[in-house]
J.: 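This is the structure, below, for whatever I ask next.
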Amino acid sequence: MMADFLTAQSEDFSKWYNEIVQKADLADYSPVRGCMVIKPYGYTLWERIRDELDRRFKETGHVNAYFPLFIPMSFLQKEAEHVEGFSPELAVVTHGGGEELEEPLVVRPTSETIIGHMYAKWIQSYRDLPVLINQWANVVRWELRTRLFLRTTEFLWQEGHTAHATETEAQEETLRMLDVYTDFAVNEAAIPVLPGRKSESEKFAGAVASYTIEAMMKDGKALQSGTSHFLGQNFAKAFDIKFLDEGNVQQYAWTTSWGVSTRMVGAVVMTHGDDQGLVLPPRLAPIQAVIVPIWRKDQERAAVLEAARALYQQLAPTVRVKLDDRDELSPGWKFNDWEMRGVPLRIEVGPRDVAQQTVMLARRDMPGREGKTSVAQAGLPQSVAEMLATVQQAIYQKALAFRESHIADVQTYDELKEAIQTGFARAWWAGGREDEARLKEETKATVRCIPMEQPGGSGPCVLTGKEAQEIAIFGRAY
RNA sequence: CGGGGCGUAGCGCAGUUUGGUAGCGCGCACGGUUCGGGUCCGUGAGGUCUAGGGUUCAAAUCCCUACGCCCCGACCA
């Protein structure tokens with residue numbers, strides 16, 4: 001059954017995305033260009049993302065803190081590449097309290113600089129290290145072109161900033177957080193991601209090395225869904241983050257930073273969504289199961305509602321469940337509505353179910369009759385939990401299968417060009433900055449990442465023909 | 001910043017060519033009906049037609065100017 005209230009993905013994926021984000025009440029446009037209002041349903045989804053990430057940060061020894069929104073302009077200028085990278089997209093405050101400020105304040109685009117400044121004060125000894133701090137914050141980047149969740153002028157994210165005594169330790173931290181992101185993406189968001197290193201021209205402004213988790217959206221385009229940066233001593237030198245080591249020698253600290261943003265919401269939407277609307281992974285879904293009561297006559301209504309309420313009470317302690325007892329809407333309407341909103345599981349309760357002490361479970365990821373099973377009301381929390389776990393696994397496998405069938409191993413530049421029309425290309429790569437620029441110019445594709453998992457050996461670079469030690473993933477990106 | 005599209009009821013749109021009482025669908029409110037895949041009927045509320053200026057007896061409609069938004073591209077989490 002085709003939805004006529006939503007543009008089909010195959011017709012115009014971009015239009016589908018814009019429509020579903022608004023129709024499912026995730027977000028709305030604001031009066032300020034490029035900014036969005038995150039509506040309660042979308043914000044709850046973000047809260048789920050936030051909670052699961054935050055739990056993992058705590059488990060790996062990090063603590064939260066909060067640094068200011070405003071950063072003195074001069075701070076950004078202390079790291080040459082950093083200022084060069086971010087200058088074009090800064091929002092700058094020049095006036096306050098009716099007077100022109102002595103020094104303009106930048107609305108943070110990211111917080112390496114102000115945190116670096118503070119770390120310089122806090123770190124004196126190797127005994128003060130490591131510093132493992134994360135903050136949940138909003139940041140502002142004056143992007144030329146914005147899209148809800150994928151690229152907004154203001155967005156929410158977390159940024160972890162750590163300082164370490166040794167290079168090795170900082171590198172380990174960088175990769176540890178990449179693992180945390182991968183684990184989150186796979187196990188919570190059900191998004192298969194390719195963890196890897198960013199190429200020279202794609203890395204973070206001021207980083208020695210950047211790592212990323214790259215996801216493939218349903219239109220075959222890549223979405224950078226999280227990044228972890230090894231900053232070396234670049235920021236330590238710019239902000240004078242020094243400590244005395246065990247041998248009483250002054251050393252610069254080694255720092256990292258890593259972030260995941262509200263863009264992750266867009267990743268969830270574009271990884272799992274279909275022509276009926278959102279498909280949310282059970283572990284992140286604001287509502288995991290919705291109970292839809294069905295009746296014909298008044299006496300049925302009373303019995304069905306009573307049963308539905310009892311089921312709600314039974315499920316509420318362990319499942320994020322909602323009872324849709326709205327009187328004025330037909331069951332069919334509700335089915336479509338909750339499917340559009342991506343609720344993973346629907347629990348239908350009608351007169352037949354009341355009589356038989358059963359309910360009908362309908363999976364969001366399997367449309368129509370195929371996804372429906374009748375189960376006993378007794379032990380429903382268990383059945384629902386199992387079904388939610390099944391759906392979580394199923395949508396991950398589906399997304400993984402989609403990605404794998406849209407990655408092509410290619411040997412030639414022509415094959416690469418063809419592959420990136422529908423997905424990713426994987427090939428030997430030994431190109432530099434200029435080769436990447438040429439690639440982008442000619443194909444609109446970029447090196448998405450150099451995957452952590454490498455086949456070993458060597459082969460001819462897909463673009464330059466030079467002997468290459470590594471394979472890279474190529475694709476068009478958001 | 002380049003290219004394209006659009007600003008008319010909460011939303012989606014028609015009306016603009018050829019100036020003459022501002023409409024349709026959905027939604028919303030009320031009453032009834034219906035309910036296992038977007039029920040049906042009736043009644044009703046809701047508009048400085050993006051803004052400013054001009055032409056005209058008369059402007060949503062013609063002319064000028066400004067602003068805003070969306071899409072595609074360049075830049076980017």
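It should be emphasised that the depicted structure is a prediction, and the values quoted were computed from it without experimental measurement. Below, all heavy atoms of this structure are taken into account, side chains as well, without hydrogens, waters or symmetry copies. Order of the sequence lines fixes the chain letters, A, B, ..., with proteins taken first and strands second; residue numbering starts at 1 for each chain.
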J.: With under 30° as parallel and over 60° as perpendicular, where do the rings of A:F239 and A:F235 fit, or are they tilted in between?
T.: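 It falls in the parallel class, under 30°.
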
J.: Go through the side-chain N and O atoms of A:R108 and A:T110 and say whether any donor and acceptor fall under 3.5 Å apart.
T.: no

J.: Counting any heavy atom closer than 4.0 Å, what does A:T227 reach on the DNA or RNA strands: base, sugar-phosphate only, or nothing?
T.: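 Answer is nothing: A:T227 stays at 4.0 Å or more from every strand.
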
J.: Less than 4.0 angstrom between a side-chain N/O of A:R296 and OP1 or OP2 of B:C35, yes or no?
T.: yes

J.: Please report the distance separating the P of B:G27 from the corresponding atom of B:G42, rounded so that it comes out in whole Å.
T.: 14 Å

J.: Identify which nucleotide among B:C35, B:U39, B:C76 has an atom closest to any side-chain atom of A:S330, counting heavy atoms from C-beta outward.
T.: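 Nucleotide nearest to A:S330's side chain: B:U39.
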
J.: Can you check the distance between B:A22 and B:A58, where both ends of the measurement are the C1' atom (answer in whole Å)?
T.: 15 Å

J.: Does the base of B:G37 carry an N or O that pairs as donor and acceptor with the side chain of A:R346 under 3.5 Å?
T.: yes

J.: Quantified in whole Å, what is the P atom distance between nucleotide B:A9 and nucleotide B:C67?
T.: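 Roughly 23 Å separates the two P atoms.
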
J.: I want to know whether A:H161 and A:F67 have ring centres closer than 6.0 Å.
T.: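 Between A:F67 and A:H161, which both carry aromatic rings, the centre distance is not below 6.0 Å.
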
J.: How far apart are the C-alpha atoms of A:F57 and A:W258, what are their side-chain angles, what is the distance that settles it, and do they pass the ring-ring contact (aromatic ring centres under 6.0 Å, His included) test?
T.: CA-CA 11 Å; A:F57 299 157; A:W258 27 275; 5.1 Å; yes

J.: Using atom CD of A:E328 as one end and atom P of B:G31 as the other, report the distance to the nearest whole Å.
T.: 12 Å

J.: Sticking with atom P, work out how far B:U21 lies from B:A59, rounded to a whole angstrom.
T.: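 Going atom to atom, P in each nucleotide, I get 12 Å.
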
J.: Kindly point out which of B:A77, B:A74, B:G37 is positioned nearest to the side chain of A:F335?
T.: B:G37

J.: Calculate, to the nearest 0.5 Å, the distance between atoms CG and CG belonging to A:N336 and A:L6 respectively.
T.: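 Spacing of CG (A:N336) from CG (A:L6) equals 11.0 Å.
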
J.: Applying the side chain to side chain donor-acceptor pair (under 3.5 Å) criterion to A:H62, which one of A:Q158, A:R56, A:E173 satisfies it?
T.: A:E173

J.: On RNA chain B, nearest-nucleotide positions of A:T152 versus A:V354: which is more 5'?
T.: A:V354

J.: Rounded to the Å, how far apart are A:N336 CG and B:G37 P?
T.: 10 Å

J.: Could you state the atom-to-atom distance from CZ of A:R476 to C1' of B:C76 in whole Å?
T.: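 So the two atoms are 18 Å apart, to the nearest Å.
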
J.: Using the C1' atom on both, measure B:C35 against B:C40 and round to a whole Å.
T.: 12 Å

J.: Please confirm whether the ring centroid of A:F335 lies under 6.0 Å from the ring centroid of A:W333.
T.: no

J.: With a 4.0 Å cut-off on heavy atoms, is A:P331 in touch with a base, just the backbone sugar-phosphate, or nothing at all?
T.: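 It contacts base atoms.
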
J.: For A:F204 together with A:F86, are the ring centres under 6.0 Å from each other?
T.: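 Yes: the rings meet the under 6.0 Å criterion.
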
J.: Distances for protein N/O vs nucleotides 10-12 of chain B N/O pairs under 3.5 angstrom?
T.:
none

J.: Could you give the CH2-to-C1' distance, from A:W333 to B:G36, as a whole number of Å?
T.: 18 Å

J.: Can you name the closest pair of heavy atoms from A:G220 and A:F424 and give their distance?
T.: O-CE2, 3.7 Å

J.: Tell me the closest heavy-atom pair linking A:T443 and A:I420, and the distance in Å.
T.: O-CD1, 3.5 Å

J.: Answer with base, sugar-phosphate or nothing: what part of the nucleic acid does A:R326 contact at a heavy-atom distance below 4.0 Å?
T.: nothing

J.: Please list, for nucleotides 66-71 of chain B, all pairs of protein and nucleotide N/O atoms separated by less than 3.5 Å.
T.:
unit_1	atom_1	unit_2	atom_2	d
B:C69	OP1	A:R33	N	3.4
B:C71	OP1	A:N18	OD1	3.4
B:C71	OP1	A:N18	ND2	2.9

J.: Nearest of B:G36, B:C75, B:G73 to any side-chain atom of A:K444?
T.: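 From the listed options, B:G73 comes nearest.
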
J.: Distance alone, cut at 3.5 Å: any donor-acceptor contact between the side chains of A:Q135 and A:E159?
T.: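 The answer is yes; a qualifying pair exists.
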
J.: Take the protein atom CZ of A:R448 and the nucleotide atom P of B:C76, then report the distance between them rounded to whole Å.
T.: 11 Å

J.: Return the stacking result for B:A77 and A:F155: yes when the ring centres lie under 5.5 Å apart and the planes under 30°, no otherwise.
T.: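 Yes, the aromatic ring of A:F155 stacks with the base.
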
J.: Can you tell me how far C1' in B:G37 sits from the matching atom in B:A29, rounded to whole Å?
T.: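 B:G37 and B:A29 have their C1' atoms separated by 27 Å.
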
J.: So A:Q224, base contact, sugar-phosphate only, or nothing? Heavy-atom distance under 4.0 Å.
T.: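 Here A:Q224 touches the backbone only, sparing every base.
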
J.: Mind checking A:G259 for me? I need base, sugar-phosphate or nothing, with any heavy atom below 4.0 Å counting as a touch.
T.: nothing

J.: What is the distance from CZ of A:R341 to P of B:G37, rounded to the nearest Å?
T.: 20 Å

J.: When both hydrogen-bonding distances must be under 3.5 Å and the geometry is Watson-Crick or G-U wobble, what is B:G36 paired with, if anything?
T.: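 Checking every strand shown, B:G36 finds no partner, since no pair has both distances under 3.5 Å.
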
J.: In whole angstrom, give me the gap between the C1' atoms of B:C6 and B:U50.
T.: 11 Å

J.: Quick one: A:Y478 OH to B:A77 P, roughly how many Å, whole number?
T.: 17 Å

J.: Counting any heavy atom closer than 4.0 Å, what does A:L150 reach on the DNA or RNA strands: base, sugar-phosphate only, or nothing?
T.: base

J.: How far does the C1' atom of B:U56 sit from the matching atom of B:C71, given to the nearest Å?
T.: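 Each nucleotide's C1' atom is 38 Å from the other's.
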
J.: How many Å lie between NZ on A:K334 and P on B:U34, as a whole number?
T.: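 Checked: the NZ to P distance equals 16 Å.
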
J.: Measuring to OP1 and OP2 of B:C75, would you say a side-chain N or O of A:K440 lies under 4.0 angstrom away?
T.: yes

J.: Please find the pair of heavy atoms, one from A:P381 and one from A:Q314, that lie closest to each other, and give the distance.
T.: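 Result for this residue pair: CD-NE2, 3.3 Å.
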
J.: Counting any heavy atom closer than 4.0 Å, what does A:R301 reach on the DNA or RNA strands: base, sugar-phosphate only, or nothing?
T.: nothing

